[in-house]
Amino acid sequence: AISGMARTQQLYGLPLIQVNLELNTLYNRHGKRLLDLLIAIPAFILFIPFWAVIGLAIRLDSKGSILYKQLRVGRKQKQFTIYKFRSMVQDAETDTGPVWATEDDHRITPVGRWLRRFRMDEIPQLINVLRGEMSLVGPRPEMAFIVDSYEDYEQKRLSVIPGITGLWQVSPARNAEIHDNPEYDLLYIEHRDLSLDILILILTILFVF
């Protein structure tokens with residue numbers, strides 16, 4: 001029994017049972033990685049046909065590579081290469097450097113705008129999950145120049161493996177800039193467990209479709 005080791009909270013009106021102490025620690029150390037693999041491996045295989053279709057659409061739409069690669073900062077400030085389907089014109093950051101795209105950004109291609117709308121550009125990050133650089137759920141990995149501007153309290157975001165989706169992505173603030181809302185990631189880190197991860201994954205799917 002786990003009586004006395006669980007507490008119930010609500011997120012968007014849905015019950016969230018949080019298991020504390022040893023069970024919670026066991027999940028964060030081993031269970032979370034297992035959950036990532038159990039979902040990411042079948043999802044990667046399932047999306048293989050989409051890779052071909054999306055890749056062809058990107059190539060027909062604009063010249064350049066199919067995948068977009070960029071250095072991001074992960075757990076313990078370790079940098080890694082993040083993968084996305086290219087949604088902008090090739091070498092879009094040559095003149096400006098790494099900057100956040102705006103909704104009406106002229107650098108975004110027609111196919112890229114469609115990919116961004118349905119979050120399909122994030123699919124290649126399953127590679128990062130399989131490599132252990134990212135998790136399905138966690139704080140989004142930031143670019144180095146953003147991390148360099150972190151306040152002391154924001155450094156806690158680097159204490160866990162970054163994710164494809166997270167609490168911020170399913171929050172009312174998801175249309176604002178992610179680096180302007182670190183409190184969602186800090187809240188997730190403090191309360192992360194199996195039930196919260198599953199709830200975030202379900203809400204992400206609902207919000208996308």
Side-chain angles (χ1 to χ4, degrees), residues 11 28 32-33 36 40 64-109 112-113 115-192 196-197 200-201 203-204 207-208:
L11 183 64
N28 289 324
K32 187 174 178 66
R33 178 58 179 163
D36 284 341
S65 61
I66 294 174
L67 292 180
Y68 169 74
K69 305 175 184 179
Q70 187 181 64
L71 282 178
R72 294 291 177 96
V73 181
R75 184 171 180 261
K76 296 183 178 180
Q77 299 194 29
K78 183 178 180 180
Q79 293 195 0
F80 67 95
T81 300
I82 196 173
Y83 299 96
K84 292 185 176 185
F85 283 124
R86 181 173 59 83
S87 60
M88 292 186 176
V89 296
Q90 185 73 14
D91 302 322
E93 297 178 336
T94 300
D95 296 329
T96 62
V99 294
W100 291 106
T102 59
E103 186 175 348
D104 57 348
D105 200 313
H106 68 280
R107 300 173 299 169
I108 301 177
T109 65
R113 198 168 299 279
L115 290 174
R116 283 170 172 258
R117 178 181 178 184
F118 295 100
R119 302 295 189 268
M120 299 292 285
D121 59 321
E122 312 283 359
I123 291 176
Q125 286 164 45
L126 289 171
I127 297 174
N128 295 114
V129 174
L130 295 175
R131 293 171 60 172
E133 298 163 333
M134 294 180 64
S135 176
L136 293 174
V137 181
R140 285 295 295 172
E142 297 272 27
M143 291 177 280
F145 79 94
I146 294 292
V147 174
D148 290 340
S149 66
Y150 274 1
E151 301 290 342
D152 289 342
Y153 74 96
E154 293 177 284
Q155 293 291 333
K156 192 174 182 180
R157 295 182 79 254
L158 305 176
S159 65
V160 299
I161 297 177
I164 295 180
T165 187
L167 187 59
W168 170 77
Q169 282 84 350
V170 298
S171 74
R174 62 185 177 274
N175 292 323
E177 296 291 351
I178 184 172
H179 50 274
D180 291 335
N181 295 275
E183 63 273 13
Y184 289 98
D185 288 336
L186 300 180
L187 182 64
Y188 168 77
I189 292 171
E190 181 180 353
H191 297 282
R192 68 192 188 279
L196 181 56
D197 280 0
I200 290 174
L201 288 172
L203 289 175
T204 298
F207 286 172
V208 167

Please round to the nearest 0.5 Å and tell me the distance separating atom [atom1] of [X] and atom [atom2] of [Y].
| X | Y | atom1 | atom2 | value |
| --- | --- | --- | --- | --- |
| Ile161 | Lys76 | CD1 | NZ | 10.0 Å |
| Arg107 | Gln90 | CZ | CD | 13.0 Å |
| Leu203 | Gln169 | CG | CD | 11.5 Å |
| Arg157 | Arg75 | CZ | CZ | 14.5 Å |
| Asp121 | Leu67 | CG | CG | 11.5 Å |
| Phe207 | Ile200 | CZ | CD1 | 11.0 Å |

Beyond-backbone contact of [X] with [Y], side-chain heavy atoms, under 4.5 angstrom:
| X | Y | answer |
| --- | --- | --- |
| Leu136 | Asp197 | no |
| Met143 | Arg72 | yes |
| Ile164 | Arg119 | no |
| Val73 | Glu142 | no |
| Lys69 | Arg86 | no |
| Thr109 | Val89 | yes |
| Met134 | Phe80 | yes |

Exercise for review: With sequence neighbours excluded, tell me which residues meet side chain to side chain contact (heavy atoms under 4.5 Å, CB included) with Lys78.
Suggested key: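 By the side chain to side chain contact (heavy atoms under 4.5 Å, CB included) rule, Lys78 matches no residue at all.
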Exercise for review: Begin from the C-alpha positions of Val137 and Lys32 and carry the test side chain to side chain contact (heavy atoms under 4.5 Å, CB included) through to its verdict.
Suggested key: CA-CA 9 Å; Val137 181; Lys32 187 174 178 66; 4.0 Å; yes
**Study point:** Under 3.5 Å: donor-acceptor pair, side chain of Arg116, backbone of Arg113
**Key:**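 Judged by distance alone, no pair lies under 3.5 Å.
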Point to revise | Donor-acceptor contact below 3.5 Å, side chain Arg140 vs main chain Gly163 | key: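 Looks like yes, one N/O pair under 3.5 Å.
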Among all residues two or more places apart in sequence or in another chain, which pass the side chain to side chain donor-acceptor pair (under 3.5 Å) test with [X]?
| X | value |
| --- | --- |
| Arg33 | none |
| Tyr68 | Gln70, Glu93 |
| Asn128 | Glu133 |

Check your understanding: Which atom pair, heavy atoms only, marks the closest approach of Ile189 to Ser159?
Key ->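 Minimum heavy-atom contact is CG2-OG, 4.2 Å.
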Exercise for review: Identify the heavy atoms of Tyr83 and Arg131 that sit nearest to each other, and give their distance.
Suggested key: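 For Tyr83 and Arg131, the tightest heavy-atom pair comes out as OH-NH1, 3.1 Å.
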Exercise for review: Return each pair, listed once, that meets salt bridge (charged side-chain N to carboxylate O under 4.0 Å, His left out) where at least one residue sits in residues 162-173; pairs must be two or more places apart or across chains.
Suggested key: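 Counting only pairs at least two positions apart or across chains, no salt bridge (charged side-chain N to carboxylate O under 4.0 Å, His left out) contact touches residues 162-173.
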Practice item. Quick one: list whatever passes ring pair (Phe, Tyr, Trp, His ring centres under 6.0 Å) with Tyr153, sequence neighbours left out. Key: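 Once residues adjacent in sequence are excluded, Tyr153 has no partner under the ring pair (Phe, Tyr, Trp, His ring centres under 6.0 Å) criterion.
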